[in-house]
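Below, chains carry the letters A, B, ... as their sequence lines are ordered, and counting in each starts from 1.
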Amino acid sequence: MNKSQVIQWLQNFATEIERNKEYLTELDAAIGDADHGINMERGFKKVASQLSSLADKDISTILKTVSMTLISTVGGASGPLYGTFFLRASAAVTGKEKLATEDLLKLLRLGLEGVIQRGKAQLGDKTMIDVLSPVVDNFQKSVDNNQTTLVAMQQVVIVAEQAMKDTIPMLAKKGRASYLGDRSIGHQDPGATSTYLMLKSLLAALES
Amino acid sequence: MNKSQVIQWLQNFATEIERNKEYLTELDAAIGDADHGINMERGFKKVASQLSSLADKDISTILKTVSMTLISTVGGASGPLYGTFFLRASAAVTGKEKLATEDLLKLLRLGLEGVIQRGKAQLGDKTMIDVLSPVVDNFQKSVDNNQTTLVAMQQVVIVAEQAMKDTIPMLAKKGRASYLGDRSIGHQDPGATSTYLMLKSLLAALES
Amino acid sequence: MKKLINQPDSFVRESLAGMAAAHSSLLKVNFEPTFVYRADAPVTGKVAIISGGGSGHEPMHAGFVGMGMLDAACPGEVFTSPTPDQMLAAAKQVDGGAGVLYIVKNYSGDVMNFEMATELARVEDIRVLNVLIDDDVAVQDSLYTQGRRGVGTTVLAEKICGAAAADGYNLPQVADLCRRVNLNGRSMGMALTSCTVPTKGSPTFSLGDREMEIGIGIHGEPGRERMSLKSVDEITEILALSIINDRRYSRTVREWDETQEEWVDVELVNSEFKSGDRVLAFVNGMGGTPLSELYIVYRKLAEICQKHGLQIMRNLIGNYITSLEMQGCSITLLKVDDEMLRLWDAPVKTASLCW
Amino acid sequence: MKKLINQPDSFVRESLAGMAAAHSSLLKVNFEPTFVYRADAPVTGKVAIISGGGSGHEPMHAGFVGMGMLDAACPGEVFTSPTPDQMLAAAKQVDGGAGVLYIVKNYSGDVMNFEMATELARVEDIRVLNVLIDDDVAVQDSLYTQGRRGVGTTVLAEKICGAAAADGYNLPQVADLCRRVNLNGRSMGMALTSCTVPTKGSPTFSLGDREMEIGIGIHGEPGRERMSLKSVDEITEILALSIINDRRYSRTVREWDETQEEWVDVELVNSEFKSGDRVLAFVNGMGGTPLSELYIVYRKLAEICQKHGLQIMRNLIGNYITSLEMQGCSITLLKVDDEMLRLWDAPVKTASLCW
Ligand SMILES: Nc1ncnc2c1ncn2[C@@H]1O[C@H](COP(=O)(O)OP(=O)(O)O)[C@@H](O)[C@H]1O
Ligand SMILES: Nc1ncnc2c1ncn2[C@@H]1O[C@H](COP(=O)(O)OP(=O)(O)O)[C@@H](O)[C@H]1O
Ligand SMILES: [Mg+2]
Ligand SMILES: [Mg+2]
Ligand SMILES: [Mg+2]
Ligand SMILES: [Mg+2]
């Protein structure tokens with residue numbers, strides 16, 4: 001994955017967020033406070049406006065800038081979580097101009113670990129971790145099997161989509177949705193959904 | 001008109017007010033603040049509870065007590081107006097144990113003058129004066145014609161009913177209704193209505 | 001009707017009982033007749049300031065009883081004038097020998113009841129003067145109505161006169177000052193929603209989802225115009241310009257004349273606002289509007305005042321003269337001089353105004 | 001949606017601009033990043049107190065910036081946590097060399113953003129501690145949730161810690177005090193109507209004409225139970241008894257450890273109320289409920305406290321931690337000691353709390 005694909009990834013993600021702003025907000029209305037789409041859109045609009053000026057920076061710098069922008073514009077729970085994801089992702093690929101499949105695995109894994117550290121949620125708590133965690137496991141398998149980045153990501157998106165849907169029957173134990181108790185069951189988690197969109201955007205960048 | 005008829009008058013009026021509480025309040029809702037029935041009922045409930053202990057007092061004292069009770073329990077515009085009416089009525093019949101037709105005329109006339117002084121309203125302003133004033137004129141005519149109290153009052157009630165209805169097309173110039181401007185036209189004045197009930201109660205006391 | 005109440009009939013009484021329980025060091029509440037008074041009343045040698053009116057406008061007036069403001073407040077039933085016996089009993093309780101000023105909002109019920117109270121107080125040899133507040137520019141015509149209603153300027157007059165009394169002004173001086181505040185103050189309000197009187201149980205008026213009432217009274221009296229909902233900047237502009245552009249307003253009011261010992265009719269005339277005037281700007285909430293929105297109103301009001309050369313010297317922003325749970329706001333501009341500013345800044349310790 | 005606003009997007013910004021215009025001698029507002037700070041900050045040698053959170057709870061927090069309370073407030077979008085850069089910039093602005101206490105309400109967004117701000121401040125060598133407020137007994141279980149939400153006790157902690165900082169307490173002392181206030185404070189709220197977030201434009205939840213939500217959160221989060229409308233005495237009893245009868249509550253929170261320079265998990269346990277305790281009783285309006293009704297709540301609360309042997313030493317009644325235009329109220333009881341009482345009574349000069 002080269003630098004311009006990384007830029008493309010972020011561009012795609014910004015577009016997906018804009019397109020799904022209402023949808024993500026509706027998901028959040030059902031079990032949260034109806035702002036996830038609004039929060040993410042506020043952040044990625046800013047990110048998108050910075051991408052052209054980042055084209056000549058190394059990948060780590062690009063990701064770090066994205067992280068800083070998200071941290072300072074998103075707010076809520078998703079701001080620090082996505083901010084931390086990209087901060088750790090940036091640290092995972094210091095100095096790289098190009099990402100091998102192992103590099104991308106490291107990026108995702110350290111990102112996930114950051115999210116876990118920041119939010120202290122566990123698998124099954126009905127959060128974005130429920131998408132990120134199986135995705136990293138699956139990517140590891142692909143690396144073990146010497147798959148290409150593209151193939152690995154194609155499988156990741158399938159896994160992510162399923163994992164996103166699997167949050168529906170879960171009972172939320174973190175974030176605002178947890179106050180709903182049993183009433184959180186039967187709704188797809190908004191953060192898990194935006195994370196799926198992030199991975200789908202990454203695949204689209206590789207395929208383009 | 002003897003003392004027990006005066007007591008009966010006040011008792012009748014209290015009953016009429018109670019019976020018409022909702023109606024008076026509805027009239028006030030249309031062009032005022034929806035409390036005339038509530039205000040009057042608060043006052044006359046108290047008056048009614050005092051009547052038995054007043055039976056052996058002279059008429060002036062009875063009316064003065066009613067005045068004081070109304071002044072201290074009714075509030076709003078109607079409290080001081082009815083309070084003043086009964087205060088002046090009381091002064092008009094000082095020391096009397098029985099009211100001749102002329103005495104009743106004086107009672108009504110001084111009561112009316114009190115209401116005018118207190119409220120500074122004029123004939124045609126869409127207030128209780130629009131009932132009281134023609135009533136006093138008519139009573140004067142009856143006295144001039146040497147009518148009995150009963151006959152005089154029978155005519156008064158006919159005049160009062162018509163006068164009350166005549167407030168419907170008037171444009172209010174005093175009280176809360178005046179803020180409505182043209183929109184006050186087409187509604188019967190609540191204070192004029194309660195004044196009609198007062199006179200009707202007086203007649204009923206004479207007839208009983 | 002959704003309210004935190006028990007019985008509609010006990011609303012006023014229970015609310016006052018809560019005040020008494022909450023602020024025992026500041027005020028006391030007397031029942032039968034009902035009035036709220038300073039815990040340390042009477043203050044010997046000080047003019048006593050008494051106000052009152054229907055309930056439902058909280059914190060006005062009981063929330064302003066205390067050091068540097070009111071000596072007593074007489075609350076009536078919701079939106080119904082209190083009675084003269086309340087006002088008389090309050091005067092007896094708080095008169096410190098220097099006389100009593102009744103500050104009266106210009107509603108027929110209030111005016112008549114306070115007039116009777118004045119007469120009763122004179123019989124008991126208590127020195128009393130009465131000053132009317134009639135500052136609501138929404139009422140344009142005084143020929144065919146009771147005249148302008150008393151609204152926002154009442155709060156400012158109570159604060160300024162309370163400070164003057166504490167400062168040693170005598171009764172005619174406090175009354176003159178109160179009259180001056182009234183003649184320099186103008187207000188206008190608007191409503192997004194109706195209030196609901198507890199005993200009535202249903203809204204006083206109804207507004208569509210995209211409608212508002214401009215020029216509303218604090219009892220839900222109709223205003224100048226019902227119009228379609230506008231942005232807060234437009235609303236602020238309508239209210240502010242109605243106030244700033246209001247012409248000389250003349251009316252005859254009845255005041256107690258101490259030397260003649262009777263009522264006299266006095267003609268009073270407001271002057272106009274002009275560029276260079278210094279003002280106190282008061283943005284008031286109607287009870288159901290959050291503070292955050294009132295600040296947005298103030299933001300625009302400050303801009304408009306600047307554009308018209310009015311220099312805002314002081315401001316007051318919050319829910320002070322309300323109409324139960326009504327959503328909406330009112331604006332009051334008071335043209336101030338150095339004396340008024342000094343008295344405005346003087347310390348005040350009441351349940352709802354304190355500095 | 002009926003509000004006094006221009007665009008939903010500009011709501012927070014314009015409201016803050018209004019505050020800045022209104023209270024220039026008290027506070028300043030910085031935009032990009034957004035924070036409100038004392039006009040005279042930094043106060044050399046004084047611990048700085050910073051709080052923050054989503055907007056929509058006005059006057060909390062910006063209305064509490066000033067002498068004797070907060071040094072800075074960081075407002076987020078409506079009901080959305082502010083961001084770490086706001087908190088960091090505020091800390092830089094107000095740190096007087098004695099360090100900064102972040103008072104944080106326990107919502108996942110607020111907690112994470114303040115944690116990041118703490119880490120960033122440490123990088124810049126600003127001494128920072130953070131204390132969580134989690135006092136909402138409506139959340140009974142901390143095992144399956146984020147834990148109890150931070151509500152009414154926040155206001156009391158900000159006042160008491162602000163006074164302590166003014167009094168010369170050092171950073172660990174102020175933090176300890178803040179933790180103690182939190183462990184001695186409990187709250188519960190209820191709603192008669194929903195709030196409407198401006199950007200959403202429709203009510204957050206819907207309640208029938210004869211329904212209410214008991215245990216509501218200040219962002220309209222669902223409470224313990226939806227039930228049919230009751231009298232204010234019954235409502236007060238439900239809230240007060242939930243608070244008074246709440247058992248020992250234990251949870252693990254993450255605090256910054258200055259000596260280890262990292263996050264440590266700390267177990268905290270509330271004690272129970274018992275007869276003989278002295279309390280501060282706080283009746284809070286949700287924004288759309290008139291003051292008169294809050295006094296009726298207080299009246300019953302005082303009765304209940306007396307019955308349970310709780311001696312009310314101080315009280316606070318009004319709209320202080322709100323949820324936009326929501327109608328409803330919350331009750332907070334804080335068990336106080338002499339030190340807290342002294343600090344509560346200490347002077348405070350802010351836009352919305354002043355004595
Ligand atoms: N502690 C946590 N760990 C991981 N993810 C979390 C945590 N708390 C919340 N989330 C995620 O954040 C999403 C909500 O984000 P958002 O609505 O933007 O923030 P907020 O809840 O502050 O309004 C949830 O759907 C969930 O996926
Ligand atoms: N100045 C006045 N002179 C005579 N009657 C008046 C005057 N003002 C009001 N009224 C009468 O009082 C009635 C309203 O009484 P009420 O509703 O009890 O008082 P309020 O207007 O204070 O609510 C009106 O219908 C009118 O007849
Ligand atoms: Mg959300
Ligand atoms: Mg009426
Ligand atoms: Mg009335
Ligand atoms: Mg949020």
side-chain contact (heavy atoms from CB on, under 4.5 Å) partners for B:Ala177, two or more places apart: B:Ile31, B:Ala172
Contact origin within C:Pro33 toward chain B - heavy atom pairs under 4.5 Å: neither
For a quick check, list the donor-acceptor atom pairs closer than 3.5 Å between chain C and chain B, or say none.
unit_1, atom_1, unit_2, atom_2, d
C:Thr80, OG1, B:Asp35, OD2, 2.9
C:Ser81, O, B:Gly76, N, 3.2
C:Thr83, OG1, B:Ser72, O, 3.4
C:Asn113, ND2, B:Gly76, O, 2.7
C:Glu115, OE1, B:Arg118, NH1, 3.4
C:Glu119, OE1, B:Arg118, NH2, 2.7
C:Glu119, OE2, B:Arg118, NH1, 3.2
C:Glu119, OE2, B:Arg118, NH2, 3.1
C:Gln146, N, B:Ser178, OG, 3.3
C:Gly147, O, B:Tyr179, OH, 3.2
C:Arg254, NH1, B:Gln117, O, 3.3
C:Arg254, NH2, B:Gln117, O, 3.2
C:Arg254, NH2, B:Arg118, O, 3.1

Separation of C:Leu88 CG from B:Ile71 CD1 (nearest 0.5 Å): 11.5 Å
Portion of B:Ile38 that has a non-hydrogen atom of chain C nearer than 4.5 angstrom: side chain
